[in-house]
Amino acid sequence: MWFLQVIAVAIVLGVVFAGGMIQGESQEREHQRNKHRLERMGGTDGSTKYMRVK
């Protein structure tokens, strides 16, 4: 019967690992989206391309 417990633990760990990977990819996509939004607004240096004096 111990092998059933090992299999059950392996399945649970696999599901948790897969869920973590999906969550990590989702966070990475959100990070990239926010980074691109900041770049379009002029970056993170405190100035925007709309306010820049030429």
With sequence neighbours left out, which residue pairs that include part of residues 21-30 fulfil the salt bridge (Lys or Arg N to Asp or Glu O under 4.0 Å) condition? E30-R33
For a 4.5 angstrom cut-off between non-hydrogen side-chain atoms, does I7 reach I11? yes
Answer yes or no: is there a donor N or O on one side and an acceptor on the other, between the side chain of H36 and the main chain of Q32, under 3.5 Å? yes
Apart from V12 itself, which Ile, Leu, Val, Met, Phe, Trp or Tyr residues share its cluster (side-chain heavy atoms under 4.5 Å, direct or through members)? V16
Are M1 and V6 connected in the hydrophobic side-chain network, where two residues link if heavy atoms are under 4.5 Å apart? yes
